[in-house]
Every structure is written in C-alpha cells, then in structure tokens.
Amino acid sequence: MRNPSTTPCCSKVGLKRGPWTPEEDELLSTYIKKEGEGRWRTLPKRAGLLRCGKSCRLRWMNYLRPSVKRGQIAPDEEDLILRLHRLLGNRWSLIAGRIPGRTDNEIKNYWNTHLSKKLISQGIDPRTHKPLTNITSQAHHSSSSPAVGQADVNIKAASPPSKANNIRNPNLNPNLLISSGLEEDNGGTRMMMITTTSLNKETSTGISTTTLR
C-alpha cells in the first residue's frame, strides 16, 4: 500500500516509457553537466524530456555518469563483493559505495545471476556464507532426535520393576509379603529391618531387628 504522506514524482500522464534513445541520453547529460545533479522532480521539464523524474535519476546514476565503470566485473571486484556481502548482506547501496565505479543495481544483478549460483555450486549458502552440508545435517539431527522428556519416558517404561526389597517366602503363608532393608541408629549400629505385610489386610506390619556385626 502506498504511503499517503508521499507523493509521486510526476503524474506520468503522456510520459514516454521503455528504452532510452541516444537523443534522450544526450539531452539529459548536457543538462546535468550544465546545471548539476538534483531536483529530479522538475528536471525532465527543464531538460526538455518527456520522462519521469525517477527514470531520469536512474538513467544518470546507473548509465550516464562519467564515473560509472563499464565492462565485466574483475576478479578482485568479485572477491570484494563476496567479502562485503558476508558483512553487509543485501545492502547493495552500501556495497556499491565501497566499489568505485560500480552501481548498486549492477552489483545486485551480478550477485543474483552469477555469485549466488557460484557459491551454491561450491556447497556454500549464499545467504549465510556457511557450508550447506552443516545446515542440512543440523536440520536432519533436530528433526530425527526425540525430545528429552519423551526419551526419559521411554527409558522408564522399558525398565523392569525392582525386586530387590520385595520377596515372597515359599515356606510361609503365600499371602505374606516380606520387605527388608538396612537402617542405622544413632549409635552407629547397623540394624536389619524386616517388615511383613499380609495381603489379606490393608495394613498389618510386624518389625523385628537384628544387630549386624
């Protein structure tokens, strides 16, 4: 949605669109060399152009400026673009400001058509500049590993119940359950605590103690 506080640079009614002609380039270059850059809203009318002010600005900045560098991007420029993109991301204007003669539009197009594909072919993520194998393995590990809580439940469910302290004596009443354990009194004497519980009653315990030496 367009911000209501901003106004378009022109009405665009009756303006020419499409590729620029050599005659239009000459009119724009002659006017800017004489009057200087700026005031793009009113520049087309003063320069005798049937173009939008934004179109004039982009044409000058990206193509007609004398400082604009022509030709293929050199290997040292490509290396600089890679290092700057690792630091700045997709901030093309900031990157172009550090590469003399290159425009942000040219660098953006070169990145999308060449450099990003080159990094992918080398196994590097063009967004993070990190190896794609590490990202893939981390995603696979996180999706295949069970949650900690679920792992604990599985371990507990698989563990058999302990039978160390609950014994059933075959020579006694079969309904009698015997539990044993060691306790220590205040004097340091170790005591054997034996508790018998009849299964026919809710609570019935007897305790006998034996001193261990």
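We number each residue from 1, following the sequence as shown. Below, each value reflects all heavy atoms present in this structure, side chains not excepted, and no hydrogens, waters or symmetry copies.
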Do [X] and [Y] have side-chain heavy atoms sitting under 4.5 Å apart?
{"X": "Thr30", "Y": "Lys33", "result": "no"}
{"X": "Pro131", "Y": "Asp125", "result": "no"}
{"X": "Asn90", "Y": "Ile95", "result": "no"}

Quick check for you: to the nearest 0.5 Å, what is the distance between [X] atom [atom1] and [Y] atom [atom2]?
{"X": "Lys16", "Y": "Arg51", "atom1": "NZ", "atom2": "CZ", "result": "5.5 Å"}
{"X": "Ile99", "Y": "Leu94", "atom1": "CD1", "atom2": "CG", "result": "11.5 Å"}
{"X": "Ile107", "Y": "Thr103", "atom1": "CD1", "atom2": "OG1", "result": "6.5 Å"}
{"X": "Leu43", "Y": "Glu35", "atom1": "CG", "atom2": "CD", "result": "9.0 Å"}
{"X": "Ser116", "Y": "Ile124", "atom1": "OG", "atom2": "CD1", "result": "12.5 Å"}
{"X": "Leu115", "Y": "Asn109", "atom1": "CG", "atom2": "CG", "result": "11.5 Å"}

Any chance you could lay out the side-chain hydrogen bond (donor to acceptor under 3.5 Å, both in side chains) test for Ser55 and Trp20, step after step, and finish with the verdict?
CA-CA 10 Å; Ser55 178; Trp20 280 62; 3.2 Å; yes

Chi angles and distances behind the salt bridge (charged side-chain N to carboxylate O under 4.0 Å, His left out) call for Glu106, Lys69:
CA-CA 10 Å; Glu106 181 183 17; Lys69 197 182 223 181; over 6 Å; no

Would you name the heavy atoms of [X] and [Y] that are closest together and state the gap between them?
{"X": "Arg98", "Y": "Leu80", "result": "O-CD2, 3.7 Å"}
{"X": "Cys56", "Y": "Leu28", "result": "O-CD2, 3.5 Å"}
{"X": "Ile73", "Y": "Tyr110", "result": "CD1-CG, 3.5 Å"}
{"X": "Leu64", "Y": "Ser29", "result": "CD1-OG, 3.7 Å"}
{"X": "Gly48", "Y": "Leu27", "result": "O-CD1, 3.9 Å"}

Quick check: are there more than 12 heavy atoms from other residues, nucleotides or ligands sitting under 6.0 Å from CZ of Arg91?
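Atom CZ in Arg91 is not crowded, with 12 or fewer foreign heavy atoms closer than 6.0 Å.
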
Determine whether more than 12 heavy atoms belonging to other residues, nucleotides or ligands lie under 6.0 Å from atom CD of Gln72.
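Atom CD in Gln72 is not packed in, count stays at 12 or less.
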
May I have the step-by-step check of side-chain contact (heavy atoms from CB on, under 4.5 Å) for Gln122 and Lys118, ending in yes or no?
CA-CA 6 Å; Gln122 296 174 352; Lys118 180 179 180 180; 3.7 Å; yes

For the pair Glu24 and Arg59, find out whether any cationic side-chain nitrogen is under 4.0 Å from an anionic carboxylate oxygen.
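Looking at Glu24 and Arg59, the cut-off is not met.
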
Ion pair check, Arg57 and Glu37, cut-off under 4.0 Å:
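No salt bridge links Arg57 with Glu37.
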
Side-chain heavy atoms under 4.5 angstrom apart, residues restricted to Ile, Leu, Val, Met, Phe, Trp, Tyr: same cluster for Leu58 and Leu50?
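Cluster IDs for Leu58 and Leu50 differ.
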
Test the Arg65-Trp60 pair against the cation-pi criterion, namely NZ or CZ under 6.0 angstrom from the six-membered ring centroid and within 45° of the ring axis.
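That pair does not qualify as a cation-pi contact.
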
Anything under 30° is parallel, anything over 60° is perpendicular, the rest tilted; go ahead and classify Trp111 against His129.
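Aromatic pair Trp111/His129 classed tilted.
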
Taking Asp79 for the side chain and Pro75 for the main chain, is one N or O donor matched with an acceptor at less than 3.5 Å?
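No; zero donor-acceptor contacts below 3.5 Å.
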
